[in-house]
Structure formats: C-alpha cells, structure tokens
Amino acid sequence: MTQSHSKIVKIITKKDLDTFVNNLIKNEKHNVVGVKTKGIKFVFGPLENASELRLDYDVTILPPKKYFLPPYETLMDFSLNKPFNVKESDVAKPRIIIGVHPYDIIALEQTDKVYLDSQKDDFYKKRRDNTIIIGVDIQKVSENSFAASMKTHVTESGFDLMLTYLGDKYAVTIGSEKGKKLLEKYAKMISATEVDIKKIEEVRKNIALQFKKKLKVDKEEWSSVLAANYDHPIWEKRSQKCMECGSCTMVCPTCFCYDVKDEVSIDLKEGSRIRTWDGCLLRDFTLIGSGEVFRDDIGKRYRHRFYRKGNYLPERYGFVACVGCGRCGIACLPDIADPCDVINDLSHFERSENTGKFFIKQKTEVAEKGTIHIPQSATIKRTERLTEMEMFFEIELDDKKPLGHIPGQFVEVSIFGVGEAPISVSSGPSSSSSFEIVVRRVGNVTSRLFRMKPGDKLGIRGPLGNGFDVKSFEKKHLLLSAGGIGIIPMRSLIQYVVDDENRKKYKDITILYGAKQPSEALFIEEFEDWCKIDDVKCELTVDQCVEGDCWTGCTGLITTLYPKIKLDRYDSENTVAIVIGPPIMYRYVIKCLETLGIPAKNIFVSLERRMKCGVGKCGHCQINGVYVCKEGPVFNYNDIKDLPEAFE
C-alpha cells in the first residue's frame with residue numbers, strides 16, 4: 001500500500017523540521033505534543049523543544065487516544081446549592097500531535113465511526129476538530145507489533161501531514177487543508193521530485209518486511225474464525241492466567257469503553273460529572289444496581305474482549321478493532337492478551353459463514369438527543385410510596401414538552417452529586433409534559449430518589465432505546481406476561497393498548513402478572529380497572545403468602561397461570577406475547593409460550609443490563625454483539641434467542 005500520488009508532497013531537511021516544530025511550540029496557539037523518551041520507553045507528551053521529539057520510536061506506552069478520550073475527563077460541572085445549575089465542560093485549546101504512527105491514525109478513524117455516529121459524542125468531536133495530526137511512517141518496528149498483517153503499517157488517510165524519513169531529509173505528504181496551511185506558515189520546504197516519490201514508496205514497502213510477528217489468518221477472516229469457536233476450550237485455558245487487571249484494554253487504541261460518575265467537592269457545594277476509562281476485563285463492568293454481574297466469569301470476560309475486536313465490531317461497523325500495535329502483549333504480564341497469538345492458535349480450527357449470528361441490526365432510527373451525557377431539567381410533580389421497596393414518581397420536563405416516548409423505552413435519571421441510572425418509563429405515551437416512572441431502591445441513585453419530594457429537580461436524558469412496535473401488534477391477540485418489577489415497563493404498553501383511542505386496534509388482551517408476595521404486587525387497583533375493559537382478562541399470582549396477607553388470587557409461580565389459557569392453532573399464530581421480568585423467569589415462561597404454539601417471531605422480551613450511556617458507546621450493556629440500550633431493551637425473541645449471553 002502506498003500514498004496516493006494525487007496528494008501534494010514536500011521535502012524538508014531535518015534541520016528545517018526542527019525549526020518547524022520549534023515555531024509551532026513558540027507560537028502558543030496550539031498545545032504541541034509529540035513522542036519523547038521516558039526511561040527506555042516512549043510516550044506522547046508536551047514538547048518544550050524540537051530536540052525532545054523522537055520520530056524513530058518503535059511504539060508508545062499509551063496511544064494518542066488519550067488526547068481525544070482522556071483517562072479522566074470532566075463532562076460538566078454542577079452546583080448542589082441551586083436547583084439545576086449545569087455548566088458543560090470547556091474543551092482545551094487546539095492541539096498538534098506530532099509523530100503518530102499509521103496504525104494509531106487508523107485506530108482514531110475507527111473510533112470516529114463509533115463516537116461520531118447518529119448520536120455523536122460532542123466532547124470527542126470538539127477535540128477531533130481542534131487537533132492537527134502530524135503522522136510519521138514507522139522507522140523502527142516493535143517486536144510485538146503485527147501491523148503489517150493488519151494492513152495498518154501505512155495509511156492513506158486520517159492525517160493532516162505525514163512525515164516519511166528518507167535518510168537525510170523528510171518527505172511531508174499533505175493530507176488536509178489545515179496541514180497545508182500549517183506547513184506554509186511555519187515551515188521552509190521544497191516540492192518533492194519524482195525520485196523522492198519513488199523513495200517514499202520504497203520506504204513503505206520495506207516497512208512491511210521488518211515485521212517478524214505475523215498472522216496466519218487474514219483480518220477479514222477473524223470474524224468467521226471466532227464465530228465458529230465460541231465454545232472452544234482456549235478461552236477457559238488462557239483466562240486461567242488472567243490477573244483481571246484490565247491493562248490490555250487501557251493501552252489499546254481501539255478499546256474506548258468508559259464509565260461515568262459524579263464527584264463532589266469537600267464542602268458539598270458543587271461537583272462534576274466525570275468520564276473515566278473502563279474495560280470489559282474488569283468484573284464490575286456489567287454490574288447493575290441490584291448487585292447482579294452479567295459476565296461474572298473471567299473466562300467469559302476474556303473471550304468477550306477478543307470477540308468485540310474480531311467479530312462484534314466488524315459486524316456492526318465493518319472494521320476489525322485491532323491495529324496490530326502490540327501494546328497489549330507488552331502490558332500483559334502473563335502474556336495472554338495478544339490477539340495475534342490467539343487468532344493463530346484458532347487458525348487450525350473451524351470457520352463459520354454465519355459471522356453475524358451474534359449481532360442484531362438496529363431496527364429503529366436514533367435521533368440525536370442533544371449533547372451526550374448532559375441531561376435536561378425536570379421537576380418531580382408527585383410521589384407515592386407503592387411498597388417498602390418501590391416508589392412512584394410523576395415527572396414534568398421543565399421545557400413543558402412531551403417526553404415523546406413509545407412503550408418499552410427508558411430514560412436516564414440524573415441526581416447531581418449521586419449519579420445517573422436507567423429507569424423504564426411506566427406511563428403510556430401522551431401529549432402531556434409529564435411522564436411516570438417507578439423505581440426500586442437498590443442503588444445510590446434510587447436510594448436518593450426515595451428521599452426526594454415534589455418540587456425537587458432532577459435531570460432526564462431520553463427517551464432512549466428500542467421500544468415496542470405497537471403498530472405491528474394491531475389486529476393480534478396480546479398475551480402480556482410480567483414478573484416482579486417487570487410490570488413497571490409493561491404498564492406503559494398496557495396503558496397504550498387499552499386507551500380508548502387504541503383499544504379497537506387489538507383483539508383480546510390477556511395480562512398475567514406474578515409477584516413474590518401480596519405486599520410486593522404493584523398497580524393492583526389498576527388491574528381491577530383493566531379487567532373491566534371489554535375483552536381484557538387479568539390473572540394474578542404470588543409465589544407465596546405470609547401470615548397476615550390478604551390475597552384472593554392464585555398462589556404459585558407465574559407459570560401456573562398458563563394452563564388457564566386456551567389457544568387453537570389459528571389463535572397461536574395470531575397472538576403476540578410480551579415477556580418482562582427477572583432473568584430467571586424468561587426460560588420458563590418462554591417454554592410455556594412455545595407449548596401454547598406461539599411462534600418465536602411473535603414473542604417479544606425486554607432485557608436489563610447496565611445501560612450507562614444509553615447511546616451505544618460506553619460498552620457496558622453488551623449482550624454479545626448487541627447493545628441493549630440501542631437494539632433493546634425490547635427485542636424480538638426470534639432475533640435474540642440464539643445469543644449465548646441473552647438469557648444467562
């Protein structure tokens with residue numbers, strides 16, 4: 001691979017290159033950073049003089065992603081003394097990064113596809129727009145790198161200027177108008193000759209020959225190799241040595257998952273919402289408020305990292321999320337993190353043509369919802385204690401506009417100084433500026449919500465996620481099964497389908513609801529009202545009754561209600577079944593539905609995961625290659641039934 005000859009190429013002497021760099025530093029319009037030594041290694045850091053710059057390095061400890069997605073970043077500042085006082089964080093002044101290798105440039109282009117999609121990350125975008133990339137072709141190859149096998153050892157795009165060492169001088173390929181203007185203003189140079197162009201091509205051809213580490217499988221085949229070997233013993237065997245430190249993800253230029261948390265000043269008057277790097281190898285990565293960890297086993301976490309790189313992201317975005325830099329192999333003490341070693345070990349085994357079996361294409365368009373992670377102001381209008389653990393809230397957006405949700409969607413609820421949590425919307429769609437949620441007290445945010453009163457302010461982001469396609473349910477029988485707090489999001493759907501304007505669009509509606517005990521059953525009075533509506537039938541059960549409980553319904557698990565349902569073959573084919581409840585409930589309820597003859601394509605489920613960002617960027621909510629916050633939380637069972645992580 002060589003640079004396109006259509007690009008303008010200049011020649012600059014080593015002395016004039018130093019002058020160019022020093023001119024940039026002296027100008028002070030930009031923060032100028034470049035590659036410099038740190039002991040026997042190399043790092044990107046601020047340059048005070050061109051003499052510090054090392055363009056002959058092999059690899060840096062951390063990639064330049066730290067300048068676009070900082071390890072520790074303030075998203076916004078807020079006051080704890082004022083109702084809703086938020087200041088979005090300012091992005092630092094423009095920056096020039098000198099000495100970026102092609103594989104790191106390609107990694108940034110991959111990150112662009114994730115962070116600049118339909119819901120762009122404004123913080124990332126501002127840094128990208130504010131940064132000039134001066135790349136350099138590799139002069140010394142790291143012994144851990146396999147970039148040539150990944151075809152990332154050279155690049156034709158992604159840079160403003162690209163330096164190529166020609167022995168006594170540098171060729172400078174101009175990649176953008178910004179780069180051209182910078183060069184014209186601060187550098188002394190001459191135009192490249194045809195001989196110079198040929199030398200550039202020779203240098204780039206020779207770079208590939210320096211790589212000792214090589215893949216046995218083309219990167220285009222990673223997805224098929226991984227798709228066929230999900231249950232291979234290699235994952236368990238290699239993960240036994242894993243220290244669960246997350247170093248491999250921290251140094252990786254294509255690992256861009258993160259966490260968000262609130263930090264409060266020591267005087268408790270103000271605080272900040274902070275974004276920090278996070279990694280899927282860490283146990284708490286999938287931890288939710290109730291304490292459940294959805295990828296608890298280290299073998300599963302270890303496997304997830306490789307599948308994310310080699311199967312999940314290739315199926316979603318079209319690129320293998322590894323550029324062969326070799327940093328993970330250097331950082332990993334037990335020497336088990338290098339993708340080259342793992343893929344080579346798997347190269348002798350089966351391939352699968354069904355590479356997309358762990359991925360579901362998003363079915364709904366996602367409209368941009370303002371600056372990412374910045375909530376809008378809302379006011380609590382009404383609260384009601386439903387049980388010892390559940391509290392009802394009516395919330396009104398302060399801009400007086402409707403939330404605009406569809407049944408099954410969720411919002412991110414913010415309490416400054418505490419944090420943010422995903423909460424299902426429990427009310428049906430309406431033109432009102434108010435909507436309803438019910439929260440269970442299980443974490444910091446929900447515990448604080450329990451202490452809030454009407455008139456208190458909070459933040460709302462959303463609506464988010466994929467909801468129920470109520471249009472496709474029309475002219476069908478509806479069988480709605482809710483367990484525990486699954487009735488909270490189910491209530492939104494029920495309110496919609498029994499509404500006077502919509503009831504005639506649907507056939508018979510059967511609602512099955514199971515709770516642990518009578519004191520935990522929610523919306524009992526509403527069930528009584530729903531039962532009075534034509535062709536709506538409700539069946540309730542509790543797992544057990546304790547002494548003193550007054551309960552006239554059934555006793556037993558929710559599965560005991562299904563024998564009461566009689567469907568002929570025609571009814572089964574024309575019945576849509578919705579299931580929402582705790583993870584353990586799904587496999588048993590779905591067996592009941594299959595016994596009734598309801599086809600998988602007619603079954604819909606709503607799943608819970610740690611939806612931190614709500615827009616498919618932070619990575620916490622992944623079920624294999626699926627983002628619950630984007631493709632879900634509502635899924636067609638037929639689409640998700642074969643995903644190994646869906647119902648674990």
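Starting from 1, each residue takes its place in the sequence as its number. Excluded from the calculations below are hydrogen atoms, water molecules and symmetry mates; all remaining heavy atoms, backbone and side chain alike, are included.
- Counting only N and O atoms by type, the side chains of Ser414 and Arg273 include a donor and acceptor under 3.5 Å apart.
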Assess whether ring-ring contact (aromatic ring centres under 6.0 Å, His included) is satisfied between His620 and Phe285, documenting all intermediate values.
CA-CA 6 Å; His620 291 90; Phe285 188 73; 4.1 Å; yes
ring-ring contact (aromatic ring centres under 6.0 Å, His included) assessment of Tyr115 paired with Phe256
CA-CA 9 Å; Tyr115 278 78; Phe256 30 72; 5.8 Å; yes
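- Between Arg610 and Asp259 there is a salt bridge, since a side-chain N of the basic residue sits under 4.0 Å from a carboxylate O of the acidic one.
- Ring-centre distance between Phe435 and His405: not below the 6.0 Å cut-off.
- Between Phe306 and Trp235, the ring planes lie tilted relative to each other; the angle falls in the 30° to 60° range.
- Within the 4.5 Å cutoff, side-chain heavy atoms of Val59 are placed close to those of Ile330.
- Residue-environment remark: OH (Tyr588) stays at or below the threshold of 12 foreign heavy atoms within 6.0 Å.
- With hydrogens and angles left out, the side-chain atoms of Tyr312 and Asn624 include a donor and acceptor closer than 3.5 Å.
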Go through Thr254 and Lys309 one step at a time and tell me if the side chain to side chain donor-acceptor pair (under 3.5 Å) criterion holds.
CA-CA 8 Å; Thr254 60; Lys309 290 181 171 299; 3.1 Å; yes
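- The existence of a salt bridge linking Lys125 and Asp121 is excluded, since no basic side-chain nitrogen approaches an acidic carboxylate oxygen closer than 4.0 Å.
- Within the 3.5 Å criterion, the main-chain N or O of Asp469 finds a donor-acceptor partner in the side chain of Ser472.
- Here the closest non-hydrogen pair linking Ile406 and Pro429 is CA-CG, 4.2 Å.
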With ring-ring contact (aromatic ring centres under 6.0 Å, His included) as the criterion, how do Trp222 and Tyr307 come out once you've worked through the C-alpha distance, each side chain's angles and the decisive distance to 0.1 Å?
CA-CA 9 Å; Trp222 280 29; Tyr307 274 74; over 10 Å; no
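- No salt bridge links Arg295 with Asp284; every basic N to acidic carboxylate O contact stays at or beyond 4.0 Å.
- Heavy-atom contacts from other residues, nucleotides or ligands closer than 6.0 Å to CD of Glu350 number 12 or fewer.
- Between the side chain of Ser145 and the backbone N or O of Val141 there is no donor-acceptor pair closer than 3.5 Å.
- When atom types are taken as modelled, the side chain of Arg351 and the backbone of Ser347 share a donor-acceptor pair closer than 3.5 angstrom.
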Step-by-step side chain to side chain donor-acceptor pair (under 3.5 Å) determination, Asp297 to Tyr302:
CA-CA 9 Å; Asp297 181 73; Tyr302 178 80; over 6 Å; no
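- Residue pairs meeting the salt bridge (Lys or Arg N to Asp or Glu O under 4.0 Å) criterion with at least one member in residues 319-328, sequence neighbours excluded, are Asp104-Arg327.
- Between the side chains of Ser157 and Glu109, at least one donor N or O sits under 3.5 Å from an acceptor N or O.
- Cation-pi check for Arg275 over Tyr258 is met; the charged atom lies under 6.0 angstrom from the ring centroid and within 45 degrees of its normal.
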ring-ring contact (aromatic ring centres under 6.0 Å, His included) between His153 and Tyr103, worked out
CA-CA 6 Å; His153 60 298; Tyr103 51 76; over 10 Å; no
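- Closest of all the heavy-atom pairs between Tyr506 and Phe473 is CD2-O, 3.3 Å.
- Within a 6.0 Å radius of CD in Glu353, no more than 12 heavy atoms belonging to other residues, nucleotides or ligands are found.
- Around atom CD1 of Ile584, no more than 12 heavy atoms belonging to other residues, nucleotides or ligands sit under 6.0 Å away.
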Before you tell me yes or no, could you show the steps for Arg461 and Glu420 under salt bridge (charged side-chain N to carboxylate O under 4.0 Å, His left out), namely the whole-Å CA-CA distance, both residues' side-chain angles and the distance that decides it to 0.1 Å?
CA-CA 10 Å; Arg461 288 197 296 120; Glu420 193 174 49; 2.9 Å; yes
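- A salt bridge links Glu73 to Arg127: at least one charged side-chain nitrogen sits closer than 4.0 Å to a carboxylate oxygen.
- Taking 4.0 Å as the cut-off between side-chain N and carboxylate O, Lys357 and Glu315 do not count as a salt-bridged pair.
- Counting heavy atoms from C-beta outward, Phe647 and Leu643 have side chains that stay 4.5 Å or more apart.
- Every pair passing salt bridge (Lys or Arg N to Asp or Glu O under 4.0 Å) that includes a residue from residues 233-256 is listed here, sequence neighbours excluded: Arg238-Asp345, Glu244-Arg301.
- Under the 3.5 Å distance criterion, the side-chain polar atoms of Ser426 are matched with a main-chain donor or acceptor of Ile488.
- Distance alone, capped at 3.5 Å, places no donor-acceptor pair between the Asn638 side chain and the Ala600 backbone.
- With hydrogens and angles left out, the side-chain atoms of Thr111 and Lys65 include no donor and acceptor closer than 3.5 Å.
- Counted by atom type alone, Tyr230 and Arg303 present one or more donor-acceptor pairs between their side chains at under 3.5 Å.
- The existence of a salt bridge linking Glu143 and Lys213 is excluded, since no basic side-chain nitrogen approaches an acidic carboxylate oxygen closer than 4.0 Å.
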